[in-house]
Protein chains: 2
Amino acid sequence: MQPKITLKDLANLAGVSISTVSKALNDSPEIGEKTRVKIKEIAESYNYVPNNIARSLKSKSTKIIGVIIPAILLEFFSKVLYGIEMEATRLGYKIVICLSNESHQKEVESIDTFINGSVDGIILSVAEETQKNKDYSHFYKTLKYNVPMVMFDRVIDEITCDKVTVDDFEGAFKATNFLLEIGCENVVFLNIISNISVGQLREQGYVSAMQKSDKEVKILTPQHYNEIEKELLPVFKNEKVDAILAADEYSAVLAMNVARMNGYDIPKDISIIGFTNGLISEHAIPSLTVVSQHAENIGKQAVSSLVNRLESETSTETIHTVVKTNIVERNSTR
Amino acid sequence: MQPKITLKDLANLAGVSISTVSKALNDSPEIGEKTRVKIKEIAESYNYVPNNIARSLKSKSTKIIGVIIPAILLEFFSKVLYGIEMEATRLGYKIVICLSNESHQKEVESIDTFINGSVDGIILSVAEETQKNKDYSHFYKTLKYNVPMVMFDRVIDEITCDKVTVDDFEGAFKATNFLLEIGCENVVFLNIISNISVGQLREQGYVSAMQKSDKEVKILTPQHYNEIEKELLPVFKNEKVDAILAADEYSAVLAMNVARMNGYDIPKDISIIGFTNGLISEHAIPSLTVVSQHAENIGKQAVSSLVNRLESETSTETIHTVVKTNIVERNSTR
DNA sequence: TTGAAAGCGCTAACAC
DNA sequence: GTGTTAGCGCTTTCAA
């Protein structure tokens with residue numbers, strides 16, 4: 001692999017000094033018209049490209065944002081990523097992505113590879129394992145190193161940094177009210193993600209709405225998708241239930257299936273709402289009414305918070321941006 | 001943002017020279033036991049992290065792979081990305097991602113930001129617009145700059161670089177044969193992606209299988225999803241058709257809907273196969289039989305080809321890896 | 001065993 | 001208008 005051409009090479013070729021070349025290429029007014037043109041021609045003909053690494057070393061800024069997401073196969077995260085990439089590009093930044101795959105260890109390693117100068121700042125959503133074991137030392141390290149960090153969706157209260165979340169509490173609250181208002185009496189909350197912050201907030205929103213209307217709370221917390229049927233069966237058999245609010249979209253679709261297999265007609269006998277407005281919801285039959293979190297917006301907000309901090313001189317208070325949800329009404333609710 | 005601690009700072013603190021610190025931290029045998037321990041302690045207590053940019057400048061290698069994908073919201077690409085990230089991590093590389101969003105311009109810009117030393121090599125799938133306008137100058141530039149590049153899925157024959165593709169021809173050939181073998185007589189090929197290489201290869205595979213069995217070829221090439229119904233209607237009304245092979249999964253699901261609305265029972269009256277084994281296929285009703293491309297494998301292969309080239313001294317012939325497809329049988333075929 | 005010095009490619013203050 | 005020089009943080013050869 002032949003070495004790339006450098007400023008020095010160009011200087012030799014043009015018979016001038018390195019700094020003259022540098023200035024000429026950067027359109028410095030110090031340099032004379034003909035010299036500049038000549039140098040630019042030479043650079044062009046030799047396919048000169050400035051070395052970005054050297055520039056970063058000099059400028060102490062990389063114009064790169066490090067992103068750590070727990071799982072790219074979850075559509076929600078790829079949508080957020082889309083928003084992040086769009087906004088980063090708009091603001092002149094590139095993104096580097098690491099996947100934690102919900103593992104604490106991988107999250108720690110990703111942080112380590114980011115805080116050595118390779119990125120100007122970090123955007124991340126906390127891995128499930130980290131939310132369970134509550135070992136936040138890598139985040140404290142990031143703060144200590146003064147690397148700006150923005151957490152989105154799955155955030156940690158005790159870490160002081162900018163945050164972008166969905167109003168999960170309010171989303172669940174609104175969805176529960178929606179169900180009550182269309183006449184449902186017995187709303188069950190199916191929480192497949194009771195382990196993570198997001199799931200807990202949704203649960204609280206549900207509980208709050210139910211209690212406000214003096215309804216009885218009924219929560220199921222299966223630990224895995226394959227436990228959903230087992231948990232739901234006794235409810236369908238022995239209790240009256242006319243609505244299910246599920247903490248994600250996939251469990252909502254599974255709940256629809258179980259309901260149907262037990263003779264329920266959707267939405268006549270039972271109404272179902274899920275969280276996350278993804279492909280599955282759209283293409284399920286019947287199509288699923290969901291609480292949309294506006295994943296792209298979350299990504300954009302996160303970038304915008306981070307870049308704000310990067311480019312403002314003074315270090316201001318941390319900001320917690322809350323993105324509002326809304327209900328996308330489809331055919332799984334009356 | 002307080003400046004990070006450097007080797008120089010540590011040298012001052014320890015009262016030794018910079019190079020001693022460097023060697024001590026890198027466990028050089030040149031350095032004495034006690035000095036090394038002392039220096040490491042100081043480094044530890046001051047939270048020293050070596051600056052990766054400076055290292056890259058010195059070593060001329062970043063251990064970063066640049067990835068350009070046309071669209072992250074297409075599940076296929078996020079699966080490939082998953083494979084890329086896994087394999088890259090395993091081999092000690094990070095990935096930087098740019099999205100071309102199918103735009104030629106953005107693809108060119110992404111290439112530009114990569115070939116300035118920020119990455120060791122590039123993995124990409126060509127944007128639709130580039131495949132249409134056939135302007136490949138940015139790829140030639142990459143070759144000229146000796147930046148190793150691997151193209152996957154959507155590749156360009158005339159560019160000499162490593163490639164990883166799915167055997168699209170064979171996939172369509174096998175799927176068509178599958179339909180013929182279960183007794184279908186009139187198989188229609190619905191090609192929503194006739195603009196891109198992948199779509200053309202699938203079409204050829206279909207044609208080849210049909211001709212081999214002396215069946216009449218019937219191809220539809222809608223330019224957008226919203227034209228599918230219009231294109232299919234006359235076929236359903238006026239011709240006999242008992243099978244549809246669609247070039248992606250979404251058009252297959254739409255075709256199922258149109259078929260059903262026209263009184264066809266699936267799979268009794270008509271069998272349908274799509275390409276891409278994604279969420280939609282799995283959750284469609286009936287679930288969709290598909291040709292799976294093993295997206296993750298494609299990603300892994302691409303990384304492995306690239307790293308091979310990066311780490312081997314000699315520059316060998318370019319390699320075109322072909323990942324085999326297989327048919328995932330579900331309920332949309334008899 | 002430790003240190004001095006050069007250099008990776010670039011920028012910019014300062015001199016000429 | 002052009003060149004000299006120092007320096008970003010690190011590694012590494014060579015000298016002490």
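Note on naming: letters A, B, ... go to the chains in the order of the sequence lines (proteins, then strands), and numbering restarts at 1 for each one.
In this entry the distance linking CG of B:Asn51 with P of C:dC8 reads 18 Å, nearest Å. Whole-Å rounding puts the A:Lys4 NZ to C:dG9 C1' distance at 12 Å. One can place NZ of A:Lys8 at 7 Å from P of C:dG9, the figure rounded to the nearest angstrom. Taking atom CD1 of B:Ile39 as the reference point, atom P of D:dC10 lies 14 Å away to the nearest angstrom. Regarding B:Ile53, its CD1 atom lies at a distance of 11 Å from the P atom of D:dC10, rounded to whole Å. Taking atom CD on A:Glu30 and atom P on C:dA12, their separation rounds to 11 Å, with Å as the unit. If you take CD1 of A:Ile31 and P of C:dT11, they are 13 Å apart, rounded to a whole angstrom. To the nearest angstrom, P of D:dA6 lies 14 Å from CD1 of A:Ile18.
A:Asp162 and A:Thr318 are not linked by any side-chain donor-acceptor pair at a separation below 3.5 angstrom, with hydrogens and angles left out of the test. In summary, the side chains of A:Ser28 and A:Asn26 do not present any donor paired with an acceptor at a separation below 3.5 Å, with no hydrogens or angles considered. In this model, no donor atom of one side chain and acceptor atom of the other lie less than 3.5 Å apart for B:Glu87 and B:Ser304.
In this structure, A:Thr316 and A:Asn308 have side chains that are not in contact, with every pair of non-hydrogen atoms separated by 4.5 Å or more.
The side chain of B:Ser17 contributes an N or O atom lying less than 4.0 Å from OP1 or OP2 of C:dG3. In this structure, B:Arg55 does not reach the D:dG9 phosphate: none of its side-chain N or O atoms is under 4.0 Å from OP1 or OP2. Residue A:Tyr48 places at least one side-chain N or O closer than 4.0 Å to OP1 or OP2 of C:dC10.
Nearer to the 5' terminus of DNA chain D, by closest-nucleotide assignment, is the contact made by A:Gly32 (compared with the other of A:Gly32 and B:Asn26). The nearest heavy atom of DNA chain C to B:Arg36 and to A:Asn52 marks one nucleotide each, and the one closer to the 5' end goes with B:Arg36. Place A:Leu7 and B:Lys34 on DNA chain C by their nearest nucleotides, and B:Lys34 ends up nearer the 5' end.
Judged by distance alone with a 3.5 Å cut-off, no donor-acceptor contact links the side chain of A:Lys58 to the base of C:dG9.
Within the nucleic acid shown, A:Thr35 comes within 4.0 Å of sugar-phosphate atoms alone, with no base atom in reach, counting heavy atoms only. Base engagement by B:Ser19 is indicated by at least one non-hydrogen atom pair under 4.0 Å involving a base atom. Across all strands, A:Ser22 comes closer than 4.0 Å to base atoms (heavy-atom distances).
Side chain of A:Lys23, nearest nucleotide from C:dA4, D:dT2, C:dG9: D:dT2. The side chain of B:Pro50 lies closest to D:dC10 when the candidates are D:dC10, C:dC10, C:dC8.
Salt-bridge formation is detected for the pair B:Glu30/B:Lys23: a Lys NZ or Arg NE/NH1/NH2 atom is positioned less than 4.0 Å from an Asp or Glu carboxylate oxygen.
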